[in-house]
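Throughout, residue positions are numbered sequentially from 1 according to the sequence presented. Just so it is clear, the structure is predicted and the values come from calculations on it, not from any experiment.
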Amino acid sequence: MTTGGASAVLPASTAIAEPLQVTPQGPWHTVRRELAERGSVVVFARLDDWLSDFRPDTDTGADTGAGIDSGSGAGSALPALLGRDWERFAQMTNEDVRGRFLASRLLLKYAAAAVLEARPADIDLAYKPGGRPYLRGCDQVDISLSHTADLLVVGITRRGWIGVDAELSSRRLRGSAVERQICTPHETELLAQAGEQARNTALVRLWTLKEAYSKAIGQGLRFRFTEFGFAPGARRVQVLRPDGTPGSGDEWSFCTWSVAGQYTVSVALVDLGFDDAVDVAARTMLDEGMAEALLRRPQDTRWTARRDTEGPLA
């Protein structure tokens, strides 16, 4: 499934299709179909598309350039939508941080709701000790989140573990301290053979691949990037040891895309052999009591966005 905003720069794995661009209105039926057919799906979104419904009204005379509705009004949908993240969000004072936090959690919940056939407000988002988000009570589905500038990316899989990462393609890494901190001896040797621009492009790709892999295995930045690597320009992408010898098997898939003409997005996916035919609808995976506890029905979310007729709000 291809969108106009993403193009593959590496051979795409059969398990991973190009990212789908989404807004609160969808297309959630396409996201659901992608996960059903391939077992994994990656979506991306622009920040403003997920904040527009929470800007102050323009007819109040207030400055609408940065403010976000705090949700303190009686009709606000935010407390129900954010759930356990509401208190954390309400305590934030920096508007940029608030906006990115709100948009990323809404995107996570809407995407998860689409594949679980639930309502976004019913999704219980929790966090592991390192801060990695997960869906409480839905161990069969793994999720990953990344954001940079005005881009948000979410990966979802029922095959095993997934990690996603995004970075501005124009970010200068060549000759920086970051380059010395992320490259193995083998990568440094290969990069030395590339031209200046090609070298920076390769470094951004390596950075996102390493971030994605670290997220997939649940290590994040705790796993030193000089301890594992990838071969710049290799057609078959796999994890390599610092000396360049293979460090992963065929269970791992990697892909990198150019998104919206200015971002580099990478995904790492490990196939743990879960049944391709598994039904990930929340009420199928959970027993009745657990489903009622986790998929709580709020009294009134009053969400005003238009609904995709086949989306998670349907």
Side-chain angles (χ1 to χ4, degrees), residues 6-19 38-40 42 130 132 142 144-146 148 153 155 157 159-259 263-273:
S7 59
V9 295
L10 290 177
S13 163
T14 57
I16 312 172
E18 291 181 8
R38 294 179 177 267
S40 305
V42 178
R132 192 176 194 275
D142 193 46
S144 182
L145 167 70
S146 182
T148 185
V153 182
T157 187
R159 291 182 174 275
W161 303 334
I162 194 169
V164 295
D165 190 64
E167 186 56 75
L168 280 166
S169 300
S170 60
R171 179 175 177 180
R172 173 72 178 271
L173 296 180
R174 173 178 51 82
S176 68
V178 174
E179 179 177 2
R180 296 189 293 273
Q181 295 168 358
I182 69 172
C183 289
T184 66
H186 180 67
E187 289 171 329
T188 299
E189 181 181 347
L190 293 176
L191 287 167
Q193 304 171 20
E196 293 296 295
Q197 184 55 48
R199 179 176 159 192
N200 196 76
T201 299
L203 281 167
V204 173
R205 170 181 165 258
L206 287 174
W207 173 264
T208 58
L209 282 170
K210 293 190 177 197
E211 287 270 15
Y213 177 69
S214 296
K215 290 178 181 179
I217 62 176
Q219 292 299 307
L221 295 176
R222 296 188 298 275
F223 190 6
R224 293 179 58 186
F225 285 1
T226 54
E227 297 299 320
F228 68 100
F230 300 89
R235 291 190 61 81
R236 180 174 182 269
V237 186
Q238 66 179 137
V239 177
L240 303 177
R241 297 185 177 92
D243 63 359
T245 57
S248 68
D250 293 338
E251 71 276 11
W252 280 96
S253 300
F254 300 91
C255 200
T256 300
W257 300 275
S258 175
V259 171
Y263 298 99
T264 297
V265 173
S266 289
V267 61
L269 172 68
V270 61
D271 191 333
L272 299 179

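For P185, the side chain to side chain contact (heavy atoms under 4.5 Å, CB included) partners are P242, not counting sequence neighbours. Partners of S248 by side-chain hydrogen bond (donor to acceptor under 3.5 Å, both in side chains), not counting sequence neighbours: none found. Remark: L240 pairs with H186, A231, Q238 by the side chain to side chain contact (heavy atoms under 4.5 Å, CB included) rule, at least two apart or across chains. Annotation: salt bridge (charged side-chain N to carboxylate O under 4.0 Å, His left out) contacts of D250 (sequence neighbours excluded): R236. Checked against side chain to side chain contact (heavy atoms under 4.5 Å, CB included), A198 has the following partners two or more places apart in sequence or in another chain: A194. Taking the side-chain hydrogen bond (donor to acceptor under 3.5 Å, both in side chains) definition, one finds that S266 meets it with T208, T256, sequence neighbours left out. Remark: Y263 pairs with no residue by the ring pair (Phe, Tyr, Trp, His ring centres under 6.0 Å) rule, at least two apart or across chains. Looking at residues two or more places apart in sequence or on another chain, you find no ring pair (Phe, Tyr, Trp, His ring centres under 6.0 Å) involving W161.
Side chains of D165 and W207 form a contact here, defined as non-hydrogen atoms less than 4.5 Å apart. D142 is listed as a side-chain neighbour of R132, based on a closest heavy-atom distance under 4.5 Å. At least one side-chain heavy atom of L203 sits less than 4.5 Å from a side-chain heavy atom of C183.
Residue pairs meeting the ring pair (Phe, Tyr, Trp, His ring centres under 6.0 Å) criterion with at least one partner in residues 227-251, sequence neighbours excluded, are Y213-F228, F223-F228, F225-F228, F230-F254. Residue pairs meeting the salt bridge (charged side-chain N to carboxylate O under 4.0 Å, His left out) criterion with at least one member in residues 169-184, sequence neighbours excluded, are E167-R171, R174-E196, E179-R199.
Of all non-hydrogen atoms in S144 and G163, the two that sit nearest each other are OG-CA, 3.4 Å. Closest of all the heavy-atom pairs between L173 and V178 is CD2-CG1, 3.8 Å. A202 approaches L191 most closely through the heavy-atom pair CB-CD2, 3.6 Å.
Atoms OG and CZ, from S258 and R205 in turn, are 13.5 Å apart once rounded to the nearest 0.5 Å. The line from OG1 of T201 to CG of L206 is 11.0 Å long, rounded to the nearest 0.5 Å. Rounded to the nearest 0.5 Å, atoms CZ (R159) and CG (L269) are 7.5 Å apart.
Of the possible donor and acceptor atoms, none in the side chain of T184 sits under 3.5 Å from a partner among the backbone N and O of D243. At least one donor-acceptor pair under 3.5 Å links the side chain of S169 to the backbone N or O of T264.
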